[in-house]
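Position 1 is the first residue of the sequence; numbering continues from there. Everything numeric here is computed off the predicted structure, so don't read it as measured data. When a ligand or atom number is given, it counts from 1 through the structure's own listing order.
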Amino acid sequence: MDRPRTLDPRRERAFQNRVESLPLQWNTERFLREGATRKVPERTFSIIKPDAVADGLAGAILAELDKAGFRIVSIRRESITKHEAEGFYAVHSSKPFFSGLTDFMSSGPLFLMVLEKDNAIADLRKLMGATNPANAEEGTIRKKFARSLGENAIHGSDAPETAAFEIAYWFAGYELI
Ligand code: IDP
Ligand code: MG
């Protein structure tokens with residue numbers, strides 16, 4: 001005889017509660033119901049670079065991100081290899097600074113992060129300031145904390161396409177709930 005296919009009502013309720021608590025973009029039913037009217041917060045990828053970690057500034061940079069309203073979806077302290085840095089910065093492989101940049105990024109521990117807020121990509125770029133700290137606006141993270149053009153404290157994705165590539169390069173889906 002076939003077993004009944006319905007769950008016990010308590011387990012059914014528990015399952016529904018779990019589904020409802022998933023992030024909106026993972027819950028197809030709710031996304032279709034609410035997605036058109038409710039804005040899903042944007043995600044971006046960021047690194048606290050080895051200079052800032054070595055200078056003891058990781059906590060101060062996390063505090064800036066927190067104050068600016070970014071939610072940390074995932075964070076991992078790691079020492080990456082030169083090979084991993086080359087893959088991550090592949091768009092810059094023809095630039096004269098590529099070798100120096102990938103040496104620097106693999107020179108010591110850094111923090112890999114996925115951040116979330118409305119308008120996260122553009123807002124993080126603004127909070128970071130210009131690539132060269134000498135040109136960065138007052139109050140920006142690079143102005144306050146960067147050592148130089150090459151060793152400039154923080155990375156942030158520059159567009160939705162690069163954010164998607166960079167998040168997937170360092171994090172698996174199960175780390176992003
Ligand atoms: P961004 O980090 O502001 O997006 P990009 O032009 O994408 O800047 O360059 C990536 C990283 O490469 C910079 O953050 C910096 O660490 C390094 N870099 C960029 N331009 C130079 C340069 O002219 N000399 C040395 N390093 C550079
Ligand atoms: Mg860039």
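- Rounded to the nearest 0.5 Å, atoms CG (Leu115) and OG1 (Thr44) are 7.0 Å apart.
- Below 3.5 Å of separation, one finds an N or O of Thr131 facing an N or O of ligand 1.
- Between Phe45 and Phe88, the two ring planes are perpendicular [angle over 60°; tilted spans 30° to 60°].
- Here's the thing with Gly150: one of its N/O atoms is less than 3.5 angstrom from an N/O atom of ligand 1.
- The protein non-hydrogen atom at the shortest distance from atom 20 (N) of ligand 1 is Phe97 CE2, 3.4 Å.
- In this structure, the side chain to side chain contact (heavy atoms under 4.5 Å, CB included) partners of Glu12, at least two apart in sequence or on a different chain, are Leu7, Gln16.
- Taken to the nearest 0.5 Å, the CD1 atom of Ile154 stands 12.0 Å off from the CG atom of Leu110.
- Considering Leu101, Val91, Ile154 only, the shortest heavy-atom separation from atom 11 (C) of ligand 1 involves Leu101.
- The N/O atoms of His155, backbone and side chain alike, include none that comes under 3.5 Å of an N/O atom in ligand 1.
- With values rounded to the nearest 0.5 angstrom, Arg147 atom CZ is found 11.0 Å from Asn152 atom CG.
- Using a 4.5 Å heavy-atom cutoff, the side chains of Phe171 and Arg76 are in contact.
- Legend: residues meeting ring-ring contact (aromatic ring centres under 6.0 Å, His included) with Phe15, ordered by chain and number and at least two apart, are absent.
- Under 4.0 Å from ligand 1, the heavy atoms of His92 that appear belong solely to its side chain.
- Using a 4.0 angstrom heavy-atom cutoff, Lys95 does not count as in contact with ligand 1.
- What sits closest to atom 4 (O) of ligand 1 on the protein, heavy atoms only, is Arg125 NH1, 2.9 Å.
- Using a 4.0 Å cut-off between heavy atoms, Arg142 contacts ligand 1 through its side chain alone, with no backbone atom that close.
- Heavy-atom contacts of Asn152 reach the following atoms of ligand 1: 13 (C), 14 (O), 15 (C), 16 (O) (cutoff under 4.0 Å).
- Of all the heavy atoms of Leu149, the ones lying under 4.0 Å from any atom of ligand 1 are found in both the backbone and the side chain.
- If you look at Lys49 next to ligand 1, the close heavy atoms, those under 4.0 Å, all belong to the side chain.
- The shortest distance between side-chain heavy atoms of Lys82 and Ser99 falls below 4.5 Å.
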